[in-house]
Structures are given as structure tokens and as C-alpha cells.
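One structure is given here, and the rest of the page talks about it.
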Amino acid sequence: MSTFQDLGLNDDLLQAITDLGFTKPSEVQEKAIPILLESETDLVALAQTGTGKTAAFGFPMLEKIDVSSRTTQGLILSPTRELCLQITNEMKLYGKYCKGLNVVAVYGGSSITDQAREIKRGAQIIVATPGRMKDMINRRLVDISKIQYSVLDEADEMLNMGFKEDITDILSHTPDDKNTWLFSATMPREVATIAKKFMHSPQEITVGNKNESTSNVSHEYYLVNSRDRYQALKRLADANPDIFSVVFCRTKRDTQKVAENLIEDGYNAGALHGDLSQNQRDLVMKSFRNNQIQMLVATDVAARGIDVDDITHVINYQLPDEIETYTHRSGRTGRAGKTGVSMVIVSKSEVRKIKSIERIIKREFEKKEIPDGADICEVQLMSLANKIHNTEVNHEIDKHLTSINELFADTDKDELIKKFFSVEFTRFYNYYQKSKNLNVAEGSRDREGGRDFSKNSNSTRYFINVGSKDGFDWMKLKDFLKEVLELGRDDVFKVEVKDSFSFFNTENETKEKVLAFFTDFKHEGRFVNVEVSENRGGGGRRNDRRGGGGRRDDKRSGGKRDDKKGGYGNRSDRRRSEGGSKPRRSDSDNGAVSRPRRSRR
Ligand code: AMP
């Protein structure tokens, strides 16, 4: 492993590198810098974002240009305004000891005259987006006829964004004998064509394999029903309390909707897409950079300029249309030597795309399960415990300590801890108490449209001693059960009504609640008896031992009746389950239990 000194950089640059705290060159720097310093050559470098490629072309360019001259000698083209500003900023940091250096950013959405004035002062290096650069050339506000070095950064992205003509036009105003350095994460045919057209026998370097994802990123997928996608997203966020993520959606509409739903559900989220004004996008990005937003929901195009290094997770809420785009998405995490996770939420109909992506990125995905409510509650509890453990004591509390101590004089330590944690934890617990399993087995039938009645393994079948004689049909009985048990739309199913008795199913998790509720419940003056049935719900006959009767078993209830449960729909802790159809705004957590808001820092 070489050092920056070994690469042959001058003292001004080495000093800046020391100031920046870079201790050793990254792979792309190690490979590109010696080539670019030692020879006047064209270069094609295949490297992901976040691998240190700005410095890989930036250091040699800064070393080679003449800062005593005011002529523009270097031109760096980048796909987005954000990247353009990021590169400009990095170049200024790298060149801070290069006396007389002037690096100017040229991009749309900002005053063209101000940019022209900056250039006129003498810009040795211009960093530009293609659209604005072409505009400036047409208006003769810039002279690039003497440049010696041109960089096409994120060439694949520029071509994806339709800049091919602009790039061709811009390069036609530059000298033939300049050197062109092309950096790209992937090598689609269009990039190879550009390389062939504008470059002379370029040297090639590859960091990792073509299109390959960096080894710092692990790839996971989660198989759920389409209708559970949003719930799955929330679970993934809740299972990672310190998540700092980009959530990718396919369309602007979905992006906006998912972000709005997340915000309403108490998450620190924001939307980034092309229908927002530049000003709105800047504000969202600012909040994201400051960690005020934990979940940035974005379209592929809008996310191109995201230059944030410490993203912990990329979540593919939907897979991109072009699977090659996955490389760019996952490249938003695992930057600058950090590790990251790229998660994909897929439905049965899309799962085959995972294999195609694996082939492209040359990495394997791990199939993982959406965590269940108990897992999430544990993670949240331990995260809270750690936060409390690491919290600095605020001594303003000291003066109130006597009163607080008096209040808790009879509470022992364990009890106090439990009470203290319950303040926060109970909300998560209540929310996830009845959460269902969102995972779909790989070989199973896709059940986008509704509950899969063919599978009984997770559900319990009950016998109930009311039937059509009591005025119930299956719909009325389902509504009745949902109401008294305070369950969600799909939580009671397979309702079968007979004359004087009926059957119904719930998920296994609800069993205790159902049985406890019906120990002493009266309907129209008569005790209602519910028992677990041996009938698995295949339309079979009821177990006759339980037939007829309609009388409650007094032994089981002990003859007592809790008045609170006497009627139905009168319980104060009314809540619905996490499940059900698409989450509604007014029903954000599908219940009256609001999810705790969190801030990352
Ligand atoms: P880039 O791929 O150029 O966008 O760089 C990603 C991040 O890595 C930037 O924040 C750089 O400042 C940082 N970086 C670049 N080179 C190094 C290095 N050799 N050591 C540590 N960080 C670096």
C-alpha cells in the first residue's frame, strides 16, 4: 500500500491532504494518480461514487495546471448541480495551498452573470453541468479553447440524463490535443461510444469489477405482499433506530406520497423529486445533511446529486425500471470507507429481478425477514436504554430532586426503571402488539389481493355459540366480532354461520385476547361462549360436543362478570391492528396509537 508521498504529489497538495486527514490513498487514487501525473494520457476509470475519485482526478489536475496563468486549463463536467458544487468545494480544499488558484462552479438555477464575472477574474478550473456550460459557450461568456484537461465525471449518469448532445457540443469547443479523463460507475454501450469518439488510446483502470457494487455494501431483500410494502418500510426503519437513509421510489407521485405518509406517521422524512422547486430541493437537502431528516424519499433522477457520506441504508421501496440503476442507488451508501446496507422490498412478481441484479453487481443478496413486533420492541427498548445510559446529566434537575425523591420514596429501582421506560416503550409496544407477519414464503402463492385462506398455520379457528337464530349472517358476525374485540378489517376471517352456532378465525397472536374477552361477555342478555375449535375451517362439521347449548360455562368464568366488558365498543384503549389495506393518513399507524417521534441526534 503506497502513501500520498509515494504517488509523487507536490508539497502544497500533501499539506492539504494532511489538513483533510486523509491518511492513505484510496484504490482509485492509487491507480489513477501515478498514471495522470507521469504521462499526458487519456484515461477511462471505472469507479463508484464515494471511492475518492474527485481527488483521483483533482490532485493531478491541480498539480499540472499553471496557477500563475488566468487561462482556463481544466474543465470538469458533472451531471448535477449538487455534484458540481461538491466537486468545486473539494477542489478548493485540495488546492488551498495553490496560491492564485480559482475554481469556478457553473450550473443552472443560479445567476449566469455572477458566474461569468467569476470566470472573467481568471478561472484555471471550471466545474460545470452540461446544460449551463453550453449556454455560457453560446453566449460567449467562457473560453475553453485552451483547456488541457477535461474530466467527464459520472459519465454514465450524464448520458442517462440526456446530456449526450450537450457534451458533444461542449467538447467540440475544446482543443483536440487535450487529455480527457472519463470516470464512470458503470460502462454501458453509450459510455464506451463516447470514450471511443473523444479519446485517444485511453489507459483504463477499474476499481472492483465493472458495474460491481463496492464491498462495503451488503445487499438484502425482503419478500412481502405489495399491499404491505409501506408497513414493511416502517418496520425496517423502526428496527434500525439510528437509520440515516435514502428511500428510492419509481415515480415522483409515489415519492411524494411515501414521504408524506412517513411524516404523518412521525418519522423524520422528506421528499426529493423533480416536481419540487430548486429552492425546495435545497431546503430538503440541507435538512438531510444536518441529519434533521432520517429518511430521504427520492426518485433516481433527483437523488443523483446526493453527496452525503454517512448514509447507513439505501432502501429500494420499489426496484428501478432499469436494473442497472440499482448500482447507483446502492452506491449512495458505504461511501468514504464506511459500511452500508442496501435493502430491497420486493413482491412475488418482482423477486426474479433480484437474480438479474446479482449478476450485474456480482454480489449476492441475503434474503431477510421483515422483523416482527417483538423484535422491534426489543431493539427500540435497548436503543432507548443505550441513549439514556449515554445521556449527560442535566444538573438543572438537581433542585427538583427532593420533590421527585419524595414522589418515588416507595418505588424500588426495578419498578422505577420499568415505569421510566414504559413512558416511551409502551407506545411502541401498543403499536406492534398485534402486528402480523409481513413475510411471504418464496414458493407461496402471491396474495396481493387479500388474505390467503389456504394457509391456516398461523390462525386459530373458534367455535362461538351464536348463529343465524340470533340474527347473524357471516357479515354481521364479522362486524360484531371486529367491534367487540377491536380488531382490524382483515383480522377476523373464515366466518361460517350456522343455525345456533358459528365458526371464525383470527391470527394466532389474537387467540389469548379472544378467549379472555369471551369469558364473561353477554349479548342480548345471554352469555356468549367462544372456544378453540378442532374444525380447521375446511367446511367440515362442528364438534357436536359443543353444540346447541348457548349457555355459558359457569365453571370457566367463575360466575363473575367484569362490567367493563359488559357491552361492546366501550373500551378506552381502543386501537386497531397494524395490518389492513393501504395506510390512510388519518389512520397513520392504523390506530389511535401515535408512533414516537425521534430525532437522530
Ligand atoms: P468522492 O468519491 O470523490 O465523492 O469522495 C468521497 C469522500 O471521500 C469525500 O468526502 C472525500 O473527501 C473523501 N476522501 C477522498 N479521498 C479520501 C482518502 N484518501 N481518505 C479518506 N477520505 C477520502
Side-chain angles (χ1 to χ4, degrees), residues 1-10 13-34 36-37 43-63 74 76-97 103 105 125 127 129 149 151-158 181-186 205-208 212-217 244 246 285 288-291 303-312 314 327-340:
M1 171 64 76
S2 51
T3 62
F4 282 108
Q5 277 89 348
D6 298 337
L7 299 182
L9 295 168
N10 69 28
L13 293 174
L14 290 175
Q15 186 57 49
I17 289 166
T18 308
D19 291 358
L20 282 163
F22 297 176
T23 49
K24 55 181 192 309
S26 68
E27 189 183 346
V28 67
Q29 292 161 5
E30 209 171 14
K31 287 182 171 167
I33 292 172
L36 299 180
L37 283 182
L43 177 83
V44 172
L46 281 167
Q48 294 273 325
T49 52
T51 51
K53 60 190 168 60
T54 313
F57 61 74
F59 291 150
M61 187 182 277
L62 288 165
E63 177 129 358
I76 302 165
L77 292 177
S78 83
T80 63
R81 172 183 189 271
E82 284 77 11
L83 258 178
C84 170
L85 286 167
Q86 185 199 351
I87 295 169
T88 309
N89 194 33
E90 293 267 317
M91 292 296 280
K92 283 181 180 169
L93 288 172
Y94 302 159
K96 73 188 225 197
Y97 297 109
V103 184
I125 297 175
V127 188
T129 53
Y149 306 101
V151 174
L152 303 177
D153 191 28
E154 306 228 344
D156 50 353
E157 291 283 17
M158 285 200 283
W181 305 335
L182 182 149
F183 285 74
S184 191
T186 57
I205 59 166
T206 303
V207 178
E212 191 181 320
S213 168
T214 62
S215 56
N216 297 354
V217 180
F244 182 51
V246 184
M285 277 312 295
F288 189 54
R289 272 193 207 99
N290 295 339
N291 296 125
R304 274 176 183 142
I306 295 174
D307 56 333
V308 179
D309 282 342
D310 50 355
I311 291 168
T312 58
V314 162
T327 314
H328 293 291
R329 289 184 174 187
S330 59
R332 297 286 155 215
T333 184
R335 290 165 62 108
K338 300 190 175 99
T339 55

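Every number for a ligand or one of its atoms is a count from 1 in the order of the listing. Numbering starts at 1 and runs along the sequence shown.
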Heavy-atom distances under 4.0 Å are what count here, so tell me which part of Phe4 touches ligand 1: side chain, backbone, both or neither.
side chain
Short side-chain donor-acceptor distance under 3.5 Å, Ser78 and Asp153:
no
Per-atom contacts, ligand 1 versus Lys24 - under 4.0 Å to a heavy atom:
18 (C), 19 (N), 20 (N)
Which distance, rounded to the nearest 0.5 Å, do you find between the CD of Gln86 and the OG1 of Thr54?
5.5 Å
Roughly how far, to the nearest 0.5 Å, is the CG atom of Leu182 from the CE atom of Met158?
7.5 Å
Numbered atoms of ligand 1 (with element) below 4.0 Å of Gln86, judged on heavy atoms
4 (O)
Quick one: does any side-chain atom of Glu63 pair with a main-chain N or O of Leu37 as donor and acceptor, under 3.5 Å?
no
Taking atom 1 (P) of ligand 1 as the point of reference, which of Gly52, Ala55, Gly21, Ser26 owns the nearest heavy atom?
Gly52
Thr23-ligand 1 polar pair, N/O distance under 3.5 Å
no
Show me which atoms of ligand 1 lie under 4.0 Å from any heavy atom of Thr51.
2 (O)
Could you walk me through whether Phe244 and Val308 pass the side-chain contact (heavy atoms from CB on, under 4.5 Å) test, one step at a time?
CA-CA 10 Å; Phe244 182 51; Val308 179; 3.6 Å; yes
Structural part of Glu90 in contact with ligand 1, heavy atom criterion under 4.0 angstrom
side chain
Got a donor-acceptor contact below 3.5 angstrom from the Gln29 side chain to the Ala55 backbone?
no
Residue from Phe59, Phe4, Phe57 passing ring-ring contact (aromatic ring centres under 6.0 Å, His included) with Tyr94:
Phe59
Using a 4.0 Å heavy-atom cut-off, say whether Asp309 meets ligand 1 through its side chain, its backbone, both or neither.
side chain
Need the ligand 1 atom indices (1-based, order shown) with element for anything under 4.0 Å from a heavy-atom of Thr54.
1 (P), 3 (O), 4 (O)
